Amino acid sequence: MKRFQAFILSLLLLCAATQTAAEDYVVYESDSSFSDVMDGLKLAIEQRGMFINNVMHMNDMLERTGTDLGLGGPLFGQADSVEFCSAVLSRKMISEDPRRIVNCPFIIAVYTLPDESETTYVAHRKISAAETEQSPAMREVAAMLEQIAGDAVSW
């Protein structure tokens, strides 16, 4: 009986994970060029007094490893992820719950798709409704990510 209950619970958890996977990301679209959106993203971060830790050239890495491993064609036209930090917000959210360290640094990605070069996408992880309802700090983090991404696509 316990095995059957564990099996049913595993199925329910799998279904819940599958249903929410699409809701784990927020994606914005822009008809501006990739470089303009990247410039807008960097400016939006810096104007808020935050530090850009790193710009990861994801497309370069994926192309290189894809070729080395024989894994097919391009996944993106262009793709970069920007890591950045807010000492104030990071401190607030981690003070509430130390497990939130996994949210540091914040990351926003900018990309184009191989067959859609006229559209630039900006994406970030979505902070769950459960977290934003329970945490003032996570409401601030969610709003900050949305504002920065919105600023980036408005270029």
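Keep in mind the model is a prediction, meaning the values are calculated, not measured. Every heavy atom of this structure was used, including side-chain atoms; hydrogens, water molecules and symmetry mates were not.
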Hydrophobic clusters here meaning ILVMFWY residues chained together by side-chain heavy-atom distances under 4.5 Å, can you tell me if [X] and [Y] are in one?
X: F84; Y: M58; result: no
X: L113; Y: V110; result: no
X: M61; Y: F76; result: yes
X: Y121; Y: L145; result: no

Heavy-atom check, side chain of [X] versus side chain of [Y], under 4.5 Å:
X: S117; Y: F34; answer: no
X: Y111; Y: L75; answer: no
X: R100; Y: S135; answer: yes
X: M38; Y: V55; answer: yes
X: V37; Y: V122; answer: yes
X: I148; Y: I108; answer: yes
X: Y25; Y: K126; answer: no
X: I52; Y: V82; answer: yes

Would you say [X] has more than 12 foreign heavy atoms packed within less than 6.0 Å of its [atom1]?
X: R125; atom1: CZ; answer: no
X: I101; atom1: CD1; answer: no
X: R48; atom1: CZ; answer: yes
X: D115; atom1: CG; answer: no

Could you measure the distance from the [atom1] atom of [X] to the [atom2] atom of [Y]? Nearest 0.5 Å is fine.
X: Q78; Y: T120; atom1: CD; atom2: OG1; answer: 7.5 Å
X: E46; Y: L41; atom1: CD; atom2: CG; answer: 9.5 Å
X: L62; Y: L71; atom1: CG; atom2: CG; answer: 10.0 Å
X: I107; Y: H124; atom1: CD1; atom2: NE2; answer: 12.5 Å
X: M144; Y: R139; atom1: CE; atom2: CZ; answer: 15.0 Å
X: Q47; Y: Q147; atom1: CD; atom2: CD; answer: 12.0 Å

Run the numbers on T112 and E116 for side chain to side chain contact (heavy atoms under 4.5 Å, CB included), then give the verdict. CA-CA 7 Å; T112 62; E116 298 178 34; over 6 Å; no

Please list, chain by chain and in numerical order, all residues satisfying side chain to side chain donor-acceptor pair (under 3.5 Å) with N54, sequence neighbours excluded.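 Expected list: none.
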
Has the side chain of T132 got a donor or acceptor atom that lies under 3.5 Å from a matching backbone atom of A129?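 Checking the backbone N and O of A129 against the side chain of T132, a donor-acceptor pair under 3.5 Å is found.
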
Starting from the C-alpha separation in whole Å, work towards a yes-or-no answer on side chain to side chain contact (heavy atoms under 4.5 Å, CB included) for M56 and E83. CA-CA 8 Å; M56 299 172 290; E83 292 181 338; 3.5 Å; yes

Pairing of D80 and K42 as salt bridge, 4.0 angstrom limit: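 Between K42 and D80 there is no salt bridge, as every charged N stays at least 4.0 Å from the carboxylate O atoms.
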
Contact summary for [X] and [Y], nearest pair of heavy atoms:
X: M93; Y: C104; value: CE-SG, 3.4 Å
X: S154; Y: D151; value: OG-O, 2.7 Å
X: Y28; Y: A149; value: CE1-CB, 3.3 Å
X: P136; Y: E96; value: CD-OE2, 3.4 Å

Decide yes or no on side chain to side chain contact (heavy atoms under 4.5 Å, CB included) for N103 and M138, but give the supporting numbers first. CA-CA 10 Å; N103 293 308; M138 294 310 286; 3.8 Å; yes

